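Predicted, not measured: the structure shown is a model, and the values here were computed from it. Per chain, numbering begins at 1; letters A, B, ... match sequence-line order.
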Amino acid sequence: MEYDFRKIEKDWQKNWKESNAYKVNNDSPKPKYYVLDMFPYPSGAGLHVGHPLGYIASDIYARYKRLKGFNVLHPMGFDAFGLPAEQYAIDRGIHPAISTENNINTFRKQLDNIGFSFDWSREVRTCDPKYYRWTQWIFLQIFDSWFNRRKGKAERIKELVGIFETEGNASHEIPNEKFQIANTGKRIFTAHEWKAFDEKTRQEILMQYRLAYLAYTDVNWCEALGTVLANDEVINGVSYRGGFPVVKKKMRQWSLRITEYAERLLKGLGEIDFSDSMKEIQRNWIGKSSGAEIDFKVSSEASSEKSLRVYTTRPDTIFGVDFMVVAPEHEIVSEITSAAQHSAINEYLQYVQSRSDIERMAEVKKITGCFTGAYAINPLNGRKIPVWISEYVLIGYGTGAIMGVPCGDERDHKFAKHFGIPVTNIIGDHYNGEEANPTKDAVLTNSDFINGMAMRDAIEVVIKRIEESGIGKRQVNYKMRDAGWSRQRYWGEPFPVVYKDGIPYAMDEKDLPLELPASNDFKSAGNGEGPLANVKEWVRINENERRDTNTMPTHAGAAWYFLRYADPHNDIQFADKKALDYWNQVDVYIGGAEHAVAHLLYSRLWVKILHDLGYLNFDEPFRKLINQGQITGDSRFVYRIRNTKQFVSYKLKNNYETDQLHVDVNIVDGLELDTAAFKKWKPDFADAEFILEDGKYICGTAIEKMSKSYFNVINPDEVVDKYGADTFRMYEMFLGPLEASKPWDIKGIEGVHRFLKKLWRLFYDEVKGKVLNEEKANDAELKVLHKAIKQIEEVTERFSFNTGVSGFMIAVNELSDLKCHKKEILEKLLILLTPYAPHVAEELWHQLGNNGSILDAAYPVYDSKYLIESSKEYPISVNGKLRTTMNIALDAAQPEVEKIVLENEVIQKWLDGKSPKKIIFVKGKMVNIVI
RNA sequence: GCCCCGGUGGUGGAAUUGGUAGACACGCAGGACUUAAAAUCCUGUGACCCGCAACGGUCGUAACGGUUCAACUCCGUUCCGGGGCACCA
C-alpha cells in the first residue's frame with residue numbers, strides 16, 4: 001500500500017468538514033487559548049505560496065495547543081472592504097460586492113486545500129452589513145467619548161457636558177496645562193456662558209473634545225485615487241497603493257484623536273510581546289520627545305512687543321542661541337516683518353507655497369530662508385537675536401518655531417553658515433568651527449549660570465529656572481498626528497451620522513446598520529466628495545437632514561474583528577460580554593510586519609477606548625505578535641537584443657545592447673529556459689531566435705517580491721497537487737525560521753516528501769503490506785521517541801517550526817534504522833506529528849484502530865530516563881579544546897571522575913607531565929582541564 | 001544622517017541561559033538493486049596538513065581586537081546586507 005496522499009487528504013478534509021471537527025465552544029472546562037491570523041484582503045490574484053506561511057504556522061500552533069488540552073479559538077475571516085475592489089469595478093464594471101464574493105470563494109477553496117483547522121462557523125466579513133453594523137456602532141461610541149486627561153482615560157460626552165454645566169472649561173484650560181487642548185481654536189467659557197450657548201455652538205465646542213471628530217484638517221489628498229489618505233498610507237510623498245502623487249489639502253473630514261492615547265500606546269508596548277523592531281517602529285511613529293517650551297520676546301518696528309514660543313529638547317543650549325527660525329506658515333510672520341524685508345518675505349512665502357511635498361523631501365539638504373527684520377530677546381541673558389523664517393521648521397510640530405543653536409545642531413549650523421550668522425561656541429573644544437556637535441557630554445562654556453556644568457545635567461537646571469521665572473515650561477511632544485478617518489470612496493462603511501445644520505448627530509443605535517446604498521457609479525463626485533454623493537436620494541434624507549458622503553478606511557473593520565470572533569452571530573451586541581471575557585486577549589497573533597503602524601495601532605486604540613468605556617476588561621488586544629517573513633519570488637530574466645527578435649543567453653548579454661524581460665518561472669528549469677515553451681508563451685515570442693551558450697539558454701535571476709507582473713508567482717494549489725498538503729505545510733516550515741524572509745525554492749521539497757513516504761513505510765511495506773506490530777518497545781526505541789517528544793515540544797513552543805520538522809526527520813530516520821514498526825512507539829509519534837502533517841497523522845492513527853479526533857488523543861509525555869541512560873559519553877577537554885571522550889558511570893562522584901580522567905592515556909599526553917590548575921565540570925556531563 | 005535587526009559549508013539552515021560548530025535537508029560524488037529508468041537504500045561531502053592505514057593535527061561562524069578555563073553566543077571598533085524613520089528642533 002502506497003502513500004496515496006491525494007486520497008488521504010481529500011478524505012480527511014471532507015470528514016473534518018462534515019463532522020465540524022474544528023468548531024469551538026465558548027464554554028469549556030479547559031483553559032482557553034486564542035490563536036489568530038491577520039485576516040486577508042481577498043484580492044483577485046488568489047493566494048500564492050507566500051500567503052499560507054503564517055496560516056500554516058498558526059495552524060500548527062493551534063493544533064498543538066489543542067493537543068495539549070486547551071480550548072483553542074482559531075478563526076478566519078476576510079478584510080473585505082477596500083480600494084482594489086473598487087478600482088476593479090471602475091476598470092471592469094464588476095460591482096465590488098460581486099468581485100469580493102468571488103475572490104472570497106477562491107481564497108476559501110485554496111485555504112481548504114491545505115487542511116487548516118479554522119472554525120469557519122465564526123467567519124467574519126467586514127463588508128457584511130451584519131458585521132459593519134457593529135463597526136458603525138463602535139464608531140458611535142468613540143464619537144460619544146472624550147479623553148479626560150486628568151484620569152488618563154476616555155469618558156462619555158455627557159460627563160464632559162456635566163463639567164461644562166457646573167464649571168465651564170475656563171478653570172481647566174489655562175492654568176491646568178494637562179487639560180489643555182493642543183492645536184484647536186479653543187474658547188474659554190464659564191458654566192453660565194455654556195448654558196447660554198445655542199445648540200450649534202455647543203456642538204462645535206464638543207466636537208473639539210470628541211475622540212472621533214469632524215474638522216477642517218490638512219489631509220493627504222491623492223487626486224489620482226480621488227481620496228484622502230492617512231499618514232501611514234503615504235510613503236515618500238506618494239500613495240502606498242498605486243504610487244500616485246499626494247498633496248496637502250484642507251478638508252472637512254473625520255479624524256480619530258489617537259494623539260490623546262500616545263502615552264498609553266507607548267506604555268502598553270512594555271506589556272506586550274512584540275519583536276524589538278516592531279516595537280521600535282511603533283515608538284518611532286509615536287515619536288515622543290521631551291524638553292521645554294520657552295517664550296522669547298520679539299520686538300519689531302511693525303508692532304508692539306510680541307511673544308514667540310519655541311520648543312526645544314535641549315534647553316541646556318539656551319546660551320548658544322544665535323537666531324530664531326519660525327515656520328513660514330506661522331501667524332507671527334505677518335505681524336513682525338519689517339517694511340524693509342516685506343517684499344523679500346513675500347517672495348519667500350510664495351516660493352514655499354509652490355513647493356510640493358515630493359520636492360521638499362527630495363531636497364532636504366537644500367538651505368533656504370529669509371530674515372524678517374525682527375529681533376528676539378533671549379530671556380536668560382537679554383541678548384538680541386535675529387528672527388528668520390525657513391521651510392525646515394514645520395508648523396505642525398512643537399510650536400512651529402525653534403531657537404537656532406548652530407554649534408550643537410547640524411541644520412542650524414548649516415543655516416548659520418549659509419546666511420553668514422556668527423556662531424557662539426558654548427561647548428569649548430567640542431566644537432571645531434567646521435561642523436555642529438550634538439553632544440550631551442560636553443562641559444558648558446559661555447553659558448552664564450550653567451558654565452562648567454555637563455550639558456546632560458544642565459537640561460534639568462535650565463528647565464527649573466525657566467519654570468520658576470515664568471518664561472516657559474517643561475513639555476513633551478509627539479510626532480504622531482490624529483488619524484484621518486474619512487475616505488472619498490464607495491466600498492467601505494458609511495458614517496452612521498446625520499447632518500442637521502452642518503452638525504453631525506449620531507444615528508440611533510436601532511437604525512443601524514446604515515447600509516451602503518446600491519450604486520454602480522464609483523467615480524468620485526468631484527469637489528473632494530466621494531462616489532456616495534452621486535446617490536443623491538440616499539444622501540438627502542429630507543429638507544434638513546443629510547448623510548455623510550464619505551466612508552471609513554479599511555482599518556475600521558480590521559480594528560476590532562478579533563473581538564467579533566468571540567461571538568460572531570450576535571445581533572444585540574458587538575459581542576457578548578461573557579464571551580469576550582472568556583476569550584479575552586489574542587494569545588498569539590501572526591501576520592505581516594507591514595501592518596506595524598496602521599492596523600496594529602488602530603486595533604490597540606479601539607481596544608483601549610472600548611476598555612475605558614467598560615466593554616472590555618483588557619486594554620491591549622494582542623498578547624504576543626509574530627511577524628512571519630515574506631516568501632519572495634525567484635524571478636528569471638531573458639535578454640532581448642534591442643529592436644530585434646533575438647534573445648541572448650545570460651553570459652553573452654554584455655556583448656549586445658539588450659532589454660531585460662521577466663520570463664515565466666514555470667518555463668525555466670533551474671536556469672535553463674525551455675525555448676520551445678517560451679515561443680508558445682506569448683504570441684510576440686513565437687518567432688523568437690536564441691543565441692545560446694554551451695547549447696543552452698541561461699536566464700538571469702533576481703530575488704524579488706512575488707507578483708503576477710514578475711511572472712514569478714507559485715500557486716500553492718499546484719504544489720499541493722503534486723506533493724500533497726502535508727508535504728507543502730512541512731516544507732514551508734522547513735524552509736527556514738518563520739520570521740525570516742526567504743525565497744521560494746522548490747528544490748528542497750523532495751526531502752520533506754521523502755520523509756513522509758519513509759514514515760509511511762514504517763507502517764506499510766510495498767511488498768509485505770502492513771508491517772506494524774504490537775511488540776514491546778526496547779530502550780533504544782524509547783530513547784528515539786522521548787528525544788523527539790522533548791525536542792519537538794520545546795521548539796514548537798517557541799515557534800521554531802523548521803527545527804520541529806527536522807526533529808521528525810531524525811526520529812523517522814532512526815526508527816527506520818532500528819527497523820522499528822511498533823505501535824507503542826509510532827502511535828505517539830503520530831500524535832506529535834498531527835500539528836505539522838494533520839492528514840497523514842490522522843489517517844495512520846485511525847489505521848492503528850483509534851477513533852475520534854487525534855487532536856483529543858492523550859499527548860505523549862516525555863521521560864528523561866531514556867535520554868540519561870544512554871548518554872554515558874563524557875567529552876573531555878584540555879584548555880577548552882576537546883581531546884577525547886570517555887565512558888564514565890553517571891553516578892560516579894566528582895573526585896572519582898577526576899581521577900579516572902587524569903589517568904586517561906590521551907589526557908596524560910596532553911597534560912605533558914604538568915599538573916592541572918583547575919578541573920571544571922559542566923552541567924555534570926562534560927569536563928574541562930585547565931593547565 | 002539616526003534607530004532596529006542580521007552576517008555560520010556549494011545552497012536553505014541547526015546550535016534555549018557562553019560548554020563537542022555545521023544538526024536536518026538540498027546539491028554533488030561514488031556504490032547497491034534494475035536490461036534500463038523511476039523509486040528505494042548505503043557511503044562520502046567546511047578548508048588545509050600528516051601518514052599505507054587505524055588514529056591524528058592545524059585553521060575555521062563578515063574583519064580586527066578584548067573578556068573567559070571555554071566565545072557563533074558577551075564587550076569594543078570596522079565592513080557588508082535587510083528593515084524602519086527621515087528637516088520632528
In whole angstroms, how far is the [atom2] atom of [N] from the [atom1] atom of [X]?
| X | N | atom1 | atom2 | value |
| --- | --- | --- | --- | --- |
| A/Phe801 | B/rG13 | CZ | C1' | 17 Å |
| A/Phe755 | B/rA39 | CZ | P | 19 Å |
| A/Lys757 | B/rA39 | NZ | P | 7 Å |
| A/Phe274 | B/rC5 | CZ | C1' | 18 Å |
| A/Lys917 | B/rU68 | NZ | C1' | 13 Å |
| A/Phe799 | B/rG13 | CZ | P | 20 Å |
| A/Lys909 | B/rG56 | NZ | C1' | 7 Å |
| A/Asp765 | B/rU40 | CG | C1' | 11 Å |

[X] side chain N/O closer than 4.0 Å to the phosphate oxygens (OP1, OP2) of [N]?
| X | N | result |
| --- | --- | --- |
| A/Arg309 | B/rA89 | no |
| A/Tyr397 | B/rA89 | yes |
| A/Asn802 | B/rG12 | no |

NZ/A/Lys440: more than 12 non-hydrogen atoms of other groups inside 6.0 Å: no
Of A/Phe415, A/Tyr348, A/Phe323, which meets ring pair (Phe, Tyr, Trp, His ring centres under 6.0 Å) against A/Trp388? A/Phe415
Which value, in whole Å, describes the distance between the [atom1] atoms of nucleotides [N] and [M]?
| N | M | atom1 | answer |
| --- | --- | --- | --- |
| B/rA47 | B/rG10 | P | 7 Å |
| B/rA25 | B/rU73 | P | 28 Å |
| B/rA62 | B/rC24 | P | 22 Å |
| B/rG13 | B/rC26 | P | 16 Å |
| B/rC79 | B/rC72 | P | 24 Å |
| B/rC52 | B/rC42 | C1' | 26 Å |
| B/rG19 | B/rC4 | C1' | 30 Å |
| B/rG18 | B/rU61 | C1' | 15 Å |

With a 3.5 Å cut-off and no angle check, do the side chains of A/Thr884 and A/Tyr874 form a donor-acceptor pair?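 No - no donor-acceptor pair under 3.5 Å links their side chains.
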When you check the gap from the basic side-chain N to the acidic O, do A/Glu460 and A/Arg474 get nearer than 4.0 Å? yes
State the CZ-CD1 distance between A/Arg604 and A/Ile258, to the nearest 0.5 angstrom.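 Answer for the CZ-CD1 pair, A/Arg604 versus A/Ile258, is 9.0 Å.
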Inter-residue atom distance A/Glu435.CD - A/Glu410.CD, 0.5 Å rounding: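 Interatomic distance, A/Glu435 CD to A/Glu410 CD, rounded to 0.5 Å: 7.5 Å.
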Choosing from B/rA89, B/rC41, B/rA15, which nucleotide comes nearest the side chain of A/Leu394? B/rA89
Without placing hydrogens or testing angles, list every side-chain donor-acceptor pair under 3.5 Å for residues 591-600 of chain A, not counting sequence neighbours.
{"residue": "A/His599", "atom": "ND1", "partner": "A/Ser603", "partner atom": "OG", "Å": "3.4"}
{"residue": "A/His599", "atom": "NE2", "partner": "A/Tyr589", "partner atom": "OH", "Å": "2.7"}

A/Glu293: salt bridge (Lys or Arg N to Asp or Glu O under 4.0 Å) partners, not counting sequence neighbours: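 In terms of salt bridge (Lys or Arg N to Asp or Glu O under 4.0 Å), with neighbours along the sequence ignored, A/Glu293 is linked to A/Arg309, A/Lys473.
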Give every donor-acceptor pair under 3.5 Å between a side-chain atom in residues 748-755 of chain A and any protein atom, sequence neighbours left out.
{"residue": "A/Glu750", "atom": "OE2", "partner": "A/Tyr723", "partner atom": "OH", "Å": "3.1"}
{"residue": "A/His753", "atom": "ND1", "partner": "A/Tyr723", "partner atom": "O", "Å": "3.4"}
{"residue": "A/His753", "atom": "ND1", "partner": "A/Thr727", "partner atom": "OG1", "Å": "2.9"}

I need the full list of salt bridge (Lys or Arg N to Asp or Glu O under 4.0 Å) pairs touching residues 812-821 of chain A, with sequence neighbours left out, sorted by first then second residue. A/Lys787-A/Glu814
Can you list every pair that meets salt bridge (Lys or Arg N to Asp or Glu O under 4.0 Å) and has a residue in residues 875-884 of chain A, with sequence neighbours left out? none
Is RNA chain B part of any stem, that is, at least 3 consecutive Watson-Crick or G-U pairs with both distances under 3.5 Å, and where?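 In RNA chain B, stems of three or more pairs: B:1-7 with B:79-85, B:10-12 with B:24-26, B:27-32 with B:40-45, B:46-49 with B:56-59, B:62-66 with B:74-78.
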Below 30° counts as parallel, above 60° as perpendicular, anything between as tilted: where do the rings of A/Tyr731 and A/Phe734 land?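 If you compare the ring of A/Tyr731 with that of A/Phe734, the planes turn out tilted.
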Please work out if [X] contacts a base, only the sugar-phosphate, or nothing of the nucleic acid, heavy-atom cut-off 4.0 Å.
| X | answer |
| --- | --- |
| A/Val405 | nothing |
| A/Trp760 | nothing |
| A/Pro743 | nothing |

Numerically ordered, the residues 282-293 of chain A set in heavy-atom contact under 4.0 Å with RNA chain B is A/Ser289
Residues in side-chain hydrogen bond (donor to acceptor under 3.5 Å, both in side chains) with [X], at least two apart?
| X | answer |
| --- | --- |
| A/Lys624 | A/Asp273 |
| A/Tyr64 | A/Glu797 |
| A/Thr424 | A/Asp322, A/Arg383 |

For A/Leu735 and A/Glu280, find the nucleotide of RNA chain B closest to each by heavy atoms; which residue's nucleotide sits nearer the 5' end?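 Between the two, 5'-proximity favours A/Glu280.
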Toward the 5' end of RNA chain B, by each residue's nearest nucleotide, A/Ala401 or A/Ser741: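 Closer to the 5' end of RNA chain B: A/Ser741.
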Criterion side chain to side chain contact (heavy atoms under 4.5 Å, CB included) against A/Thr372, the qualifying member of A/Ile389, A/Ile332, A/Val298: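 Of the listed options, the one satisfying the test is A/Ile389.
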Pairs under 3.5 Å (N/O, protein and nucleotides 24-29 of chain B):
{"residue": "B/rA25", "atom": "OP1", "partner": "A/Asn813", "partner atom": "ND2", "Å": "2.9"}
{"residue": "B/rC26", "atom": "OP1", "partner": "A/Arg754", "partner atom": "NH1", "Å": "2.4"}

Report each atom pair, protein N/O against N/O of nucleotides 17-21 of chain B, whose distance is under 3.5 angstrom.
{"residue": "B/rU17", "atom": "O4", "partner": "A/Lys923", "partner atom": "NZ", "Å": "3.2"}
{"residue": "B/rG19", "atom": "N2", "partner": "A/Asn928", "partner atom": "ND2", "Å": "3.2"}

By the rule that syn is within 90° of 0, classify the base conformation of B/rG44 as syn or anti. anti
